[in-house]
2 protein chains.
Amino acid sequence: MRLTTKGRYAVTAMLDLALQEGKRPVTLQDIAVNQEISLSYLEQLFAKLRKAGLVRGTRGPGGGYRLAKKMDSISIAEVISAVDEKADMTRCGGNSDCLDGEKCLTHELWMELSEKIFEFLNAITLGELVRRPEVIAVAERQEAVREGLRTGRLKTVVVEADAVIGTLK
Amino acid sequence: MRLTTKGRYAVTAMLDLALQEGKRPVTLQDIAVNQEISLSYLEQLFAKLRKAGLVRGTRGPGGGYRLAKKMDSISIAEVISAVDEKADMTRCGGNSDCLDGEKCLTHELWMELSEKIFEFLNAITLGELVRRPEVIAVAERQEAVREGLRTGRLKTVVVEADAVIGTLK
DNA sequence: TGAAAACCAAGTAAAATACTCAGGAATGAT
DNA sequence: ATCATTCCTGAGTATTTTACTTGGTTTTCA
């Protein structure tokens with residue numbers, strides 16, 4: 001179980017989806033603006049999430065992404081595994097032949113730690129996160145912005161922000 | 001607390017030192033051969049370990065490295081922190097202003113996990129590892145090889161291995 | 001028909017990792 | 001004294017991963 005910003009991006013995006021569950025599908029454009037992740041990068045991440053059976057996309061206007069399973073049965077570990085192709089790790093990648101066909105000195109230690117991390121992340125679901133007070137608080141702030149966008153009050157700001165992002169990235 | 005092969009190299013090398021504690025100082029050349037890590041890379045890692053006050057080097061023939069503290073008071077977390085310059089992590093690197101000066105959705109989750117990993121690794125010392133049966137087993141095998149080297153029985157093999165490593169790396 | 005969205009493939013810039021190379025400086029053994 | 005051994009230092013490099021860009025194609029609603 002590796003821990004990178006890539007996995008974090010995926011979890012954040014999935015959480016965004018979970019928070020909007022029940023409403024219309026969420027577009028990647030929407031997530032890109034909200035979580036400040038590049039749209040094309042999100043597309044790549046979602047290709048993997050889709051292949052892992054975690055999300056379903058619908059095309060065309062009004063389309064977007066939805067969770068493919070109940071949010072209470074999607075663990076954080078699942079999400080991270082979906083996007084983190086289990087890079088070789090060079091040594092101790094899971095096989096016990098890390099050093100000349102034998103276990104290296106610290107083999108058991110890393111396996112133990114990896115197991116602990118997995119257990120921790122596997123015990124937490126998107127559903128649980130959605131119910132956490134601090135997540136709700138952040139989500140409400142973001143929802144206010146989103147609402148502003150939809151009613152057109154902040155349209156100008158967004159177009160400008162979009163232009164800026166376009167020039168920056 | 002990041003987890004990379006770099007940190008693993010460092011822990012493995014430190015464990016090697018701990019296993020030889022009480023005998024003559026261990027040379028990096030020795031570790032390089034035993035753990036199959038490049039000598040120059042080891043030198044860089046040990047520069048950091050030294051700056052962190054974890055090892056002491058003595059120069060000249062018969063020199064090498066020794067632990068600078070009791071092995072029971074050196075935690076794995078300490079070793080990893082010493083070599084892993086806390087790369088920015090781009091988001092959620094520890095500061096709570098990961099997204100426009102505000103916490104991002106999953107901020108607390110990552111902080112919580114990071115804390116858990118640290119606790120786990122901080123609770124394990126080199127001393128404990130040295131006493132683990134599986135470590136002792138691997139160490140004994142490696143010690144046999146080392147012994148062979150010193151008595152000269154395997155000298156040729158080593159010189160050859162060295163030459164091969166030299167051409168490969 | 002056309003815009004909005006997912007989908008797809010290839011390429012790229014920046015950063016981190018894992019080294020190499022080329023020395024210099026201290027120290028023990030001869 | 002000199003030499004081999006060892007630590008120590010700094011600069012450079014190859015590879016990999018991350019994060020992103022570009023430029024499309026396809027589906028679907030209106």
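What you see is a predicted model; the values in this text were computed from it and never measured. Lettering follows sequence order; numbering is per chain, from 1.
Ring geometry, A:Y41 versus A:Y9: the interplanar angle exceeds 60°, so the pair is classed perpendicular (tilted spans 30 to 60°).
Residue B:P61 has its side chain nearest to C:dG28 when only C:dA5, C:dG28, D:dT18 are considered.
One interatomic measurement links the two molecules: OH of A:Y41 to P of C:dC7, which rounds to 18 Å at whole-angstrom precision. Rounded to a whole Å, the CD1 atom of B:I37 is 15 Å from the P atom of C:dT17. Between B:D84 atom CG and C:dA15 atom P the separation is 18 Å, expressed in whole Å. D:dT18 atom C1' lies 14 Å from atom CG of A:L42, rounded to whole Å. In this structure, B:L17 places its CG atom 13 Å from C1' of D:dC7, rounding to the nearest Å. When rounded to the nearest whole Å, the span between NZ of A:K48 and C1' of D:dC20 equals 13 Å. Counting to the nearest Å, the P atom of C:dA22 and the CG atom of B:L39 are 15 Å from each other. One atom, CZ of B:R24, and another, P of D:dT6, lie 8 Å apart when rounded to the nearest Å.
Close to C:dA5, at under 4.0 Å from its OP1 or OP2, lies no side-chain N or O of A:T58. Between B:R50 and D:dC8 there is a side-chain polar atom (N or O) within less than 4.0 angstrom of OP1 or OP2. Contact between the side-chain N/O atoms of A:Y9 and the OP1/OP2 oxygens of D:dC20 is found at a separation under 4.0 Å.
As judged by a 4.0 angstrom heavy-atom cut-off over every strand, B:L28 is placed among residues touching the sugar-phosphate backbone only. Residue contacts for B:Y65: at a heavy-atom cut-off of 4.0 Å it reaches the sugar-phosphate backbone alone, with no base atom in range.
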After noting the C-alpha distance and the side-chain angles of A:D16 and A:N34, does the key distance pass the side chain to side chain contact (heavy atoms under 4.5 Å, CB included) rule? CA-CA 9 Å; A:D16 209 339; A:N34 257 275; 3.9 Å; yes

Criterion salt bridge (Lys or Arg N to Asp or Glu O under 4.0 Å) on A:E43 and A:K48, from CA distance to verdict: CA-CA 9 Å; A:E43 282 177 341; A:K48 291 181 180 179; over 6 Å; no

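The local environment of NZ in B:K69 is crowded, with over 12 non-hydrogen atoms from other residues, nucleotides or ligands closer than 6.0 Å.
Although no hydrogens or angles enter the test, the distance criterion places a donor-acceptor pair under 3.5 Å between the side chain of A:R66 and the main chain of A:K23. With hydrogens and angles ignored, the 3.5 Å screen pairs a side-chain donor or acceptor of B:E78 with a backbone N or O of B:S75.
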Set out, line by line, the N/O atom pairs under 3.5 Å between protein and nucleotides 23-25 of chain D.
none

Pairwise N/O distances under 3.5 Å, protein to nucleotides 11-15 of chain D:
unit_1: D:dA11; atom_1: N6; unit_2: B:Q44; atom_2: NE2; d: 3.4

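Mapped onto DNA chain C by nearest heavy atom, A:K51 and A:G63 fall at different nucleotides, with A:G63 at the one closer to the 5' end.
At a threshold of 4.0 Å, the pair A:D84-A:R8 does not count as salt-bridged, since none of the basic side-chain nitrogens sits closer than that to a carboxylate oxygen.
In this structure, CD1 on B:I80 lies 12.5 Å from NZ on B:K6, to the nearest 0.5 angstrom. In this structure, NZ in B:K70 is found 8.5 Å from CD in B:E21, a value given to the nearest 0.5 Å. Between the OG1 atom of B:T12 and the CD1 atom of B:I37 there is a distance of 6.0 Å, given to the nearest 0.5 Å.
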